[in-house]
Amino acid sequence: QVRLVETGGGAVKAGGSLRLSCRVSGGTYTFATSAMGWFRRGPGKEREFVAALQTINGDINYATSVKGRFTIGRDNARNSVFLQMDSLNVEDTADYFCVARARPIVNSLPYEDRVAYDYWGQGTQVTVSS
């Protein structure tokens, strides 16, 4: 059974940095993703898109709120991504969820749409204090 395993997260002061990592666990050797990314849900807020990376063509997309501060990339391991978060502010406080898509991408990836992804991690908490 495919699972997404997230590591990283924690508490940091505003202006600091954190790095999240996510890897696919439990898939067969031939299991491959077409995209991986991150969503988050802040206290009292709706779940929102953060960043996505298409694993075949390398296209990357960010939410406007994190562009220039967050970086998504592939870890050395296959089917793994990281999210480097710099210049964190209190509005970044949230549970962060890794997502992955196994279905092929036809034409384009609706990267901001939750239904575009087939697998979700359990979430890791990020708390930014002032």
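Side chains included, hydrogens not; waters and symmetry mates left out as well; all remaining heavy atoms used.
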Write down the atom of Ala14, the atom of Ser130, and the distance for their closest heavy-atom approach.
CB-CA, 4.3 Å
Between Trp38 and Val99, is there a side-chain heavy-atom distance shorter than 4.5 Å?
no
Compare all side-chain heavy atoms of Ser34 with those of Gln54 and state whether any distance is below 4.5 angstrom.
no
In one Ile/Leu/Val/Met/Phe/Trp/Tyr side-chain cluster, 4.5 Å: Val66, Phe49:
no
I'd like to check Ile105 versus Tyr111 (side-chain heavy atoms, cut-off strictly below 4.5 Å). Are they in contact?
no
Return yes if some donor-acceptor pair links the side-chain N/O of Ser25 with the main-chain N/O of Leu4 below 3.5 Å, else return no.
no
Evaluate the side chain to side chain contact (heavy atoms under 4.5 Å, CB included) criterion for residues Thr71 and Leu83: first the C-alpha distance (whole Å), next the side-chain angles of each, then the deciding distance (0.1 Å), finally the verdict.
CA-CA 6 Å; Thr71 303; Leu83 183 69; over 6 Å; no
To the nearest 0.5 Å, how far apart are CZ in Phe82 and SG in Cys98?
12.5 Å
In this structure, CD of Glu112 is separated from CD of Glu48 (nearest 0.5 Å) by 10.0 Å
Should Thr124 and Thr7 be marked as a side chain to side chain contact (heavy atoms under 4.5 Å, CB included) after you check the CA-CA gap, both sets of side-chain angles, and the distance that decides it?
CA-CA 7 Å; Thr124 185; Thr7 57; over 6 Å; no
Test log, rule side chain to side chain donor-acceptor pair (under 3.5 Å), inputs Arg40 and Tyr96:
CA-CA 4 Å; Arg40 69 184 182 185; Tyr96 284 72; 2.9 Å; yes
Would you say Ser17 and Gln84 make side-chain contact, with heavy atoms under 4.5 Å?
yes
So, Asp86 and Arg19, do they make that salt bridge, N to O below 4.0 Å?
no
Met85 CE to Leu18 CG distance, which is reported to the nearest 0.5 Å:
5.0 Å
Please report the C-alpha distance between Leu109 and Arg101 in whole Å, then the side-chain angles of each, then the deciding distance to 0.1 Å, and finally whether the side chain to side chain contact (heavy atoms under 4.5 Å, CB included) criterion is met.
CA-CA 10 Å; Leu109 174 70; Arg101 177 184 175 103; 3.7 Å; yes
Indicate yes or no for a side-chain donor-acceptor contact from Asp113 to the backbone of Pro110 under 3.5 Å, with no hydrogens or angles considered.
no
With a 4.5 Å limit on heavy-atom distance, are the side chains of Phe70 and Val50 in contact?
yes
Trp120 six-ring face occupied by Arg114 cation (under 6.0 Å, within 45°):
no
Ile72 CD1 to Met36 CE distance, which is reported to the nearest 0.5 Å
8.0 Å
So, for Val24 and Val2, which heavy atoms are closest and what is the spacing to 0.1 Å?
CG1-CG1, 3.8 Å
Side-chain contact, heavy-atom cut-off 4.5 Å: Phe97 with Arg41?
yes
Could you tell me which non-hydrogen atom of Asp75 sits nearest to which non-hydrogen atom of Ser21, and how far apart they are?
OD2-OG, 3.6 Å
With a 4.5 Å heavy-atom cut-off, do Val5 and Cys22 have their side chains touching?
no
Measure from NZ or CZ of Arg47 to the centre of the six-membered ring of Phe39 and say whether it is under 6.0 Å with the direction within 45° of the ring axis.
no
Step by step, would you call Tyr62 with Ile60 a side chain to side chain contact (heavy atoms under 4.5 Å, CB included)?
CA-CA 7 Å; Tyr62 294 101; Ile60 289 176; 3.3 Å; yes
Nearest-0.5 Å distance, OG of residue Ser80 to CZ of residue Arg74:
9.0 Å
Is the shortest heavy-atom distance from the side chain of Asp118 to the side chain of Arg103 under 4.5 Å?
yes
For Leu88 versus Arg69, what's the shortest heavy-atom pair and its separation?
CA-NH1, 3.9 Å
